[in-house]
Undergrad: 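My questions all concern the structure below.
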Amino acid sequence: MDLVVQALINGLVSGALLAVPAIGFTAMFAVLRFPNFSVSGVATLGAFAGYLAYGAGLQMVGSLAAAFAVAGIVGLFLDRVAHMPLVRQGALPAAIASIASGLVLENVVRLGFGNDMRGYDRPIARDVRWGDIRFNPQQLETMAVAVAIMLAVFAALAFTRIGKAMRASADNPELAALKGIRPQRVAMMASFIGMGLVGMGGMLLGLDSSIDPLTGTRILLSIFAAAVLGGLGSAPGAVLGAFLIGMAEELSVLVVGSPYRSAVGFFAILIVLTARPRGLLGERAF
Amino acid sequence: MTRIVLGRRVALLSGAAAVAAPAVLRAQSALNTADPIRIATLTPLTGSGGSYGPAMAKAAAGVVEEVNAAGGVLGRKVVLVSEDDQTNPDAGVRAARKLIDVDKVSAIMGTWASSVTTAVAPLCWENKTFLTSTSGADSITLLPHQGYLVRTQPNTQLQVGHAGEFLLSIDCRKTFTLVPQTPFAQSSIDVLNRVMTKGGGTHGGLIYDDKKTTYRTEVDQALRFGPDAIFCAGYTPDTVVMLKDLYRAGYKGKIIGQAYAINQKLIEQVGQVEIVEGVYTFAPSPAEGGGAYERVKKITGLANPDPYSSQVYDHANMVLMAMAQAKDTTGTAIKDNIRKVCQGGGKPVDNAVDGLKAIAAGEKVDYAGASGPCDFDGKGDILDCKFRYEQIKAGKPVLVKIF
């Protein structure tokens, strides 16, 4: 039983880290209406930007800001140049182009940093035990940062002008345009903020393990599965999906064995698309 | 403007020169114009094995350069094509297809990850292209390769069996294997299980997905077994995460792993010496001090070349000598002659340049190279190999023993 409880706690930690890029992914889908798979490359880029900032002496918050800014700017550039011109042809060409941009970004990082893995210069602490259950103080800290980012995003969506404009555009773009909300501007903000969140997610995952050019590719399926499970386009859905995928992946180790852990994401997508294509919370942006 | 007028005589002379030029050039260097012999390296320039592939490709290129400088093979120049398998079976198959269909190479050398070798091997034997590998999974030489495959890396049986004996010798009797999903996963667990049971110990094992960023739950399962030693049988990226998670979990027993995974890069990447302090590593021991090993040092520019660069150096030498022995450059010719140049007695040689001269003089050669004796059984496995055991102390690997 304690193994199950421990697995659930481990799942909560990985779910919290997964939730940040999943919100970014789903927010971009809500406004831009195509699944932007370049999040794999952007997460890697964010992880490396954060790594450089951390190495330069910025603390965690400063490094997260750097990861957000670099990933946001590059993500916005890619959307403007490579993805948005194709959206008019439909979501599929844009999605395929985004896979290509993800690969380009991954290889740009490879060109600059090589294939070697790198770790943030952050001493690793031993776990704290509470009976048979163990917690890692650093992982709890990273999780707390992830939760704080999520709360900030929800607050921005609920209370700021741009947040309200994004939600309005996601719900009904034509009506939003009639109300004077400029769709171009909202789309650009969605790209910038969404990709910035993905970049921060890459850094948070890197803080917990290590980074290399494949960092983002490793988590792409889990991000996509979390967003689909919660309902593509729904930010709370992405959070719920991320926690469920995180816990399901950890529990799967005990039930079907560790090699099948990656199958959890595919399985979740399959079940959702078959039984409830809207996802758990539907498509509402908030 | 100046008009250039060519006289009749000049024009005739120029024409004759133009017609004769190819023959003159051909006479100048037969190596440049004869159809070159094409061979290839398919090594991991990126991915988990990315820290080994470049030096491996360089080692083969060094051999080709030496052989071309000495006149080539059968009077023909050797061209080496180098491709990246990305430590990934899909990419490996795409690269092998290109090497076989477009470059038309007669040998592919150096596949490193067992999953890549397993995927590439059928393409090779179906197209009668010879494959030399540095992968260790038992299953590889059990494939129906019809003789088109040899490997210089000891198989899992030999490697893990040896590591098991070592663990028993340092008094570890309750061991646990953590191994990623690879062709050598189950056999690693089975072999260590057998050795431990025979030595009066117990053993447990778990196969994991190597693409994850955390292994906390896997570590929990391993620690419930209460092991006094854990065999981390993964590659570098997953082993970094595993070692960190073992440390976080407070594990204080012994750890052993393959030296190809637990290497200087891993130590730097973990970045905290106490996490890797006392960890044992093992690897097939190259023939240190020999002439071939010294040449690998020179070619790769490394003070301590890894076993894989040494092995690929040997692959290139053996493949080229087998062609000379066969007086033919096809994959089938290599298959039928490779054992004739590296085992069964004859003039001992440790490089292809000397070997090619001896073969041209009608002598039988027996190649022993940078990785060891290079004697193969009927399946393509090497017959014997020594292992080097090291222990990490204060962030540096320290030799424990070679046996």
Side-chain angles (χ1 to χ4, degrees), chain A residues 2-4 6-11 13-14 17-18 106-107 110 114-129 132-139 205-206 208-215 217-219 221-222 246 249-254 257-264, chain B residues 44-54 84 86-88 178-182 185-186 206-224 235-252 264-266 268-275:
Chain A
D2 53 334
L3 256 184
V4 175
Q6 182 70 59
L8 286 173
I9 290 170
N10 297 347
V13 174
S14 44
L17 301 187
L18 202 56
E106 179 192 312
N107 284 291
R110 184 168 283 137
N115 278 308
D116 294 345
M117 289 156 301
R118 289 150 197 269
Y120 288 76
D121 188 14
R122 186 184 187 220
I124 292 167
R126 297 263 196 190
D127 287 352
V128 176
R129 291 196 169 269
D132 280 336
I133 305 301
R134 60 192 179 89
F135 303 90
N136 189 275
Q138 284 171 330
Q139 284 177 323
L205 283 156
D208 204 30
S209 53
S210 57
I211 58 168
D212 70 341
L214 291 171
T215 294
T217 309
R218 287 198 195 94
I219 55 166
L221 173 66
S222 302
E249 283 188 346
E250 295 299 328
L251 283 175
S252 72
V253 175
L254 304 180
S258 178
Y260 301 102
R261 180 142 83 157
S262 296
V264 168
Chain B
L45 304 179
T46 55
S48 307
S51 52
Y52 296 109
D84 177 14
Q86 298 176 26
T87 330
N88 173 323
L178 286 163
V179 57
Q181 179 68 290
T182 51
Q186 195 56 50
L206 181 151
I207 300 173
Y208 61 83
D209 173 4
D210 65 351
K211 300 280 182 293
K212 289 293 158 186
T213 51
T214 168
Y215 294 116
R216 289 173 67 87
T217 304
E218 286 84 346
V219 164
D220 285 332
Q221 276 188 298
L223 297 192
R224 278 179 77 85
Y235 293 122
T236 307
D238 43 301
T239 306
V240 167
V241 182
M242 191 63 82
L243 292 181
K244 285 183 178 175
D245 278 339
L246 281 168
Y247 177 82
R248 283 190 183 112
Y251 174 68
K252 293 203 171 69
Q264 200 58 44
K265 289 224 162 95
L266 177 138
E268 285 163 18
Q269 212 275 310
V270 167
Q272 204 169 328
V273 285
E274 58 266 37
I275 294 175

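In what follows, every chain begins at residue 1, and chains take the letters A, B, ... in the order their sequences are listed. These figures come from a predicted structure and were not determined experimentally.
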Undergrad: Is it true that, when you exclude A:Asp132 itself, more than 12 heavy atoms of the residues, nucleotides or ligands shown sit nearer than 6.0 Å to its CG?
TA: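 Atom CG in A:Asp132 is not packed in, count stays at 12 or less.
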Undergrad: Could you tell me whether A:Phe135 atom CZ has more than 12 heavy atoms of other residues or ligands within 6.0 Å of it?
TA: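 More than 12 within 6.0 Å, yes.
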Undergrad: Under a 4.5 Å cut-off applied to non-hydrogen side-chain atoms, are A:Arg134 and B:Val219 in contact?
TA: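 Yes. Closest side-chain heavy atoms under 4.5 Å.
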Undergrad: Heavy-atom distance under 4.5 Å to chain B: side chain of A:Arg122, backbone, both or neither?
TA: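 Contact with chain B is through the backbone of A:Arg122 alone.
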Undergrad: Taking the side chain as everything from C-beta on, heavy atoms only, tell me whether B:Thr217 gets closer than 4.5 Å to A:Glu249.
TA: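 They are not in contact (no side-chain heavy atoms under 4.5 Å apart), so the answer is no.
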Undergrad: With sequence neighbours excluded, what pairs up with A:Asn136 under the side-chain contact (heavy atoms from CB on, under 4.5 Å) test?
TA: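 A:Asp127, A:Gln138, A:Gln139, B:Arg216, B:Arg248.
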Undergrad: In chain order, what residues pass the side chain to side chain donor-acceptor pair (under 3.5 Å) check against B:Asp238, with sequence neighbours excluded?
TA: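 In terms of side chain to side chain donor-acceptor pair (under 3.5 Å), with neighbours along the sequence ignored, B:Asp238 is linked to B:Tyr208.
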Undergrad: State, with a plain yes or no, whether a side-chain heavy atom of A:Asn10 is found less than 4.5 Å away from one of B:Asp220.
TA: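 Answer yes - side chains close enough.
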Undergrad: Under a 4.5 Å heavy-atom cut-off, does chain A meet the side chain of B:Gln269, its backbone, both or neither?
TA: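 B:Gln269 touches chain A through backbone and side-chain heavy atoms alike.
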Undergrad: Let's test your reading of the structure: which of B:Lys265, B:Glu218, B:Lys244 forms the most heavy-atom pairs below 4.5 Å with chain A?
TA: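 The residue among B:Lys265, B:Glu218, B:Lys244 with the greatest pair count is B:Glu218.
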Undergrad: Is a side-chain N or O of B:Gln272 found less than 3.5 angstrom from the main chain of A:Ile124, in a donor-acceptor match?
TA: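 It does hold such a pair.
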Undergrad: With only heavy atoms counted, which part of A:Ala125 is less than 4.5 Å from chain B, the side chain, the backbone, both or neither?
TA: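 The backbone, not the side chain.
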Undergrad: Under 4.5 Å from any heavy atom of chain A, what part of B:Leu266 do you find: side chain, backbone, both or neither?
TA: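 Neither part.
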Undergrad: Tell me which of these, B:Ala185, B:Ala249, B:Pro180, B:Gly250, has more heavy-atom pairs under 4.5 Å with chain A than the rest.
TA: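 Top count of heavy-atom pairs under 4.5 Å with chain A: B:Ala249.
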Undergrad: Picking from A:Arg110, A:Gln6, A:Arg218, A:Arg261, which has the most non-hydrogen pairs under 4.5 angstrom with chain B?
TA: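 Going by pairs under 4.5 Å, I would pick A:Arg261.
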Undergrad: Shorter than 4.5 Å, heavy atoms on both sides: which option in A:Pro259, A:Ser262, A:Gly119 has the most such pairs with chain B?
TA: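 Most heavy-atom pairs under 4.5 Å with chain B: A:Pro259.
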Undergrad: Given heavy-atom pairs under 4.5 angstrom as the criterion, report whether the side chain, backbone, both or neither of B:Thr236 touches chain A.
TA: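 Both parts, backbone and side chain.
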Undergrad: Between B:Leu206 and chain A, with a heavy-atom cut-off of 4.5 Å, which part of the residue counts as in contact: side chain, backbone, both or neither?
TA: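 For B:Leu206, the contact with chain A is made by the side chain alone.
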Undergrad: Examine whether an atom of A:Thr215 lies under 4.5 Å from a heavy atom of chain B, and if so say whether it belongs to the side chain, the backbone or both; otherwise answer neither.
TA: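 Contact with chain B involves no heavy atom of A:Thr215 at all.
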